[in-house]
Amino acid sequence: MATFSYLAYFPVRCSSNRDSYDPNKQKLNNIKINGTYTKSTTKQVEAGVTTTFTSVASVTANGYMTEQKVRQNIPTTKQSVDHFRQGITIEGGIGYRQRVVVRSYEVGPDKTATLESILNLLQETALNHVWMSGLLSDGFGATHEMMKNDLIWVVSRMQVQIDQYAIWGEVLEIDTWVRASGKNGMKRDWLIRSQATGQVFARATSTWVMMNRKTRRLSKMPEEVRAEIAPWFIGKQAIADDVPEKIVKLDSKAKYVNSDLKPKRSDLDMNHHVNNVKYVRWMLETVPEHILESHQLSGIILEYRRECGSSDIVQSLCDPDEEGMLIEGLKQQENRDMNLMNGFSLAAGILEGGGFLGFEKQPLRYTHLLQINGETKNEEIVRGRTTWNKKSPTTPFSSM
């Protein structure tokens with residue numbers, strides 16, 4: 001990239017008037033409840049400073065605002081700067097960029113960000129983008145018109161490509177935007193780059209469809225919802241669209257199986273089903289330990305089939321994609337044969353390939369399946385494919 005745009009830091013000034021720095025915040029000391037105004041204050045004196053706290057009960061439907069919305073401080077109009085989340089609008093005001101720091105609890109044993117942490121950051125920046133748009137209702141990323149129609153977003157496909165993992169303490173810039181996907185869907189893309197160097201670390205794209213919150217069935221996109229979100233569509237891609245390679249359904253012959261995975265309450269999201277990031281953890285738990293130690297995940301594709309509830313018992317299946325690795329190896333062999341004809345040394349090729357003409361340098365691929373573990377039927381939750389590259393000996397902090 002030739003140029004990079006950086007987000008400036010914004011200082012937060014303290015004031016005795018806690019509402020003065022945020023014009024979007026509804027004052028708590030003058031809220032109409034049940035047709036009357038209420039003002040309840042308490043004072044606390046500490047170190048010579050008197051602080052006034054205002055307490056507000058929940059406001060009913062005929063009031064102005066609920067306590068929850070006051071606390072969330074959700075804007076009702078489009079914002080260009082989010083001081084608290086270090087976010088700004090880009091792409092002419094319809095894209096979003098957020099600056100984040102990789103925290104200590106977001107890294108693994110090698111002190112680099114885990115895949116789960118990366119997926120959580122993608123989800124958080126997507127929600128913050130909707131927050132900035134002024135369209136966020138009290139749903140999990142749902143707009144005002146979606147809530148009126150009892151609709152929520154559900155992800156049907158996710159793809160992430162990782163070229164390099166961020167390290168602990170590194171500052172990242174995450175760009176996200178949305179685009180159209182057929183008549184009833186939407187795509188959301190992301191770019192993750194180093195704030196210090198501008199280097200792109202990861203790219204991601206996802207496809208979202210609408211589900212009725214009550215019936216849990218997929219729904220067409222109402223015209224009023226389309227009119228709400230269409231002005232935010234951008235015609236660019238983080239990962240080029242292509243004909244997706246089919247992910248086959250695994251069966252009992254899969255090489256690695258874990259049949260006793262039980263969702264915990266902490267695995268549930270605001271829509272009361274297992275968060276899609278938790279699925280990735282279950283999938284990776286079936287990858288052999290020696291692969292996790294010697295390789296690093298460079299790509300993942302997830303195809304979601306159904307929800308997973310708190311009472312479901314989940315089975316995770318994993319199988320190495322030996323056919324895919326063989327095809328890639330043969331392709332590389334053909335390329336090396338051509339190189340030999342053009343005067344390249346066979347010995348040099350063997351040395352470069354670690355003794356096997358470079359087959360060891362080919363990425364490993366695994367096919368995954370999460371399904372409900374039951375006696376009568378095994379309903380699919382998600383199919384997946386992961387790609388793994390051999391770890392570099394110069395991995396950050398590898399000698400520590």
Side-chain angles (χ1 to χ4, degrees), residues 108 113-123 126 153-163 165 181 185 187-190 202-209 238-239 241-263 267 269 273-289 291-292 295-309 312-325 327-328 362-373 378-389:
T114 64
L115 178 63
E116 281 186 72
S117 296
I118 293 172
L119 292 175
N120 280 324
L121 287 173
L122 299 184
Q123 178 174 276
W153 286 115
V154 291
V155 60
S156 62
R157 191 175 190 270
M158 170 78 74
Q159 180 180 3
V160 183
Q161 295 177 353
I162 303 174
D163 296 328
Y165 283 82
S181 177
K187 287 184 180 291
R188 176 173 287 278
D189 290 16
W190 295 265
R203 303 171 183 271
T205 187
S206 58
T207 303
W208 298 76
V209 293
I239 299 175
D241 289 334
D242 55 8
V243 179
E245 181 182 355
K246 183 179 180 181
I247 302 178
V248 299
K249 180 181 179 181
L250 299 180
D251 54 27
S252 58
K253 297 179 182 179
K255 190 170 184 178
Y256 307 104
V257 179
N258 187 341
S259 298
D260 193 28
L261 297 168
K262 300 178 181 179
D267 295 332
D269 62 21
H273 58 244
V274 176
N275 189 285
N276 65 82
V277 175
K278 302 297 181 182
Y279 297 150
V280 175
R281 177 186 300 174
W282 290 339
M283 291 169 58
L284 298 187
E285 284 179 354
T286 55
V287 176
E289 186 67 26
I291 297 297
L292 297 176
H295 289 70
Q296 201 164 41
L297 187 144
S298 59
I300 185 168
I301 298 175
L302 302 166
E303 294 180 353
Y304 299 92
R305 301 305 174 97
R306 60 152 287 173
E307 294 179 280
C308 175
D312 293 326
I313 307 299
V314 179
Q315 185 179 56
S316 178
L317 298 88
C318 173
D319 212 35
D321 190 355
E322 296 175 353
E323 180 181 355
M325 288 187 285
I327 291 174
E328 289 297 324
Q362 291 302 312
L364 303 179
R365 296 206 312 177
Y366 287 87
T367 300
H368 304 264
L369 174 66
L370 293 181
Q371 62 185 11
I372 304 299
N373 192 12
N378 293 325
E379 293 186 83
E380 294 181 73
I381 302 172
V382 57
R383 295 186 191 185
R385 176 177 294 116
T386 55
T387 306
W388 304 77
N389 288 327

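Throughout, numbering of the chain's residues begins at 1 and tracks the sequence.
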Give the minimum heavy-atom separation between Ala238 and Trp190, together with the two atoms involved. CB-O, 3.4 Å
For a 4.5 angstrom cut-off between non-hydrogen side-chain atoms, does Val209 reach Val154? yes
Just jot down the side-chain hydrogen bond (donor to acceptor under 3.5 Å, both in side chains) partners of Ser117, sequence neighbours excluded, or say none. Thr114
Any idea which heavy atoms bring Gln159 and Ile301 closest together, and the distance? CG-CG1, 3.8 Å
Salt bridge (charged side-chain N to carboxylate O under 4.0 Å, His left out) partners for Arg188, two or more places apart: none
Could you tell me whether the side chain of Val274 reaches within less than 4.5 Å of the side chain of Trp282, counting heavy atoms only? yes
Partners meeting salt bridge (charged side-chain N to carboxylate O under 4.0 Å, His left out) with Asp319 (sequence neighbours left out): none
Can you name the residues that form a side-chain hydrogen bond (donor to acceptor under 3.5 Å, both in side chains) with Thr207, not counting sequence neighbours? Lys187
Residues at least two apart in sequence or cross-chain that pass salt bridge (charged side-chain N to carboxylate O under 4.0 Å, His left out) with Asp241, listed by chain then number, are Arg179
Going by side-chain hydrogen bond (donor to acceptor under 3.5 Å, both in side chains), name the residues that satisfy it together with Glu303, two or more places apart in sequence or in a different chain. Arg305
Can you name the nearest heavy-atom pair linking Tyr279 to Glu307, along with the distance? OH-C, 4.1 Å
Given 3.5 Å as the limit, does a donor-acceptor pair link the side chain of Ser298 with the main chain of Thr387, or not? yes
Is the backbone of Ile247 close enough, under 3.5 Å, to the side chain of Arg383 for a donor and an acceptor to pair up by distance? yes
Set of side chain to side chain contact (heavy atoms under 4.5 Å, CB included) partners for Leu119, sequence neighbours left out: Leu115, Leu122, Val160, Val277, Val280
Got a sec, which residues hit side chain to side chain contact (heavy atoms under 4.5 Å, CB included) with Asp312, two or more places apart in sequence or on another chain? Arg306, Cys308, Ile372
Show me the pairs that pass side-chain hydrogen bond (donor to acceptor under 3.5 Å, both in side chains) and involve residues 246-262, at least two apart or across chains. Ser259-Gln315
Hey, could you give me the CG/CG distance between Asn275 and Asp269, rounded to the nearest 0.5 Å? 5.0 Å
For the CG atom of Leu261 and the CE atom of Met283, what is their distance to the nearest 0.5 Å? 12.0 Å
Looking only at non-hydrogen atoms, find the nearest pair between Ala254 and Cys318 and report the distance. CB-O, 3.9 Å
With sequence neighbours left out, what residues match Glu116 under side-chain hydrogen bond (donor to acceptor under 3.5 Å, both in side chains)? Arg281
Residue pair Ile239 / Asp189: nearest heavy atoms and the distance that separates them: N-OD2, 4.3 Å
For Trp388 and Tyr366, take the angle between the two ring planes, folded into 0 to 90°, and tell me which bin it lands in: parallel under 30, tilted 30 to 60, perpendicular over 60. perpendicular
How long is the straight-line distance from CG of Leu297 back to CD1 of Ile291, given to the nearest 0.5 Å? 12.0 Å
Rounded to the nearest 0.5 Å, the NE2 atom of His295 sits from the CG atom of Leu364 at a distance of 4.0 Å
Interatomic spacing from CD1 in Ile300 to CG in Leu284 - rounded to 0.5 Å: 6.0 Å
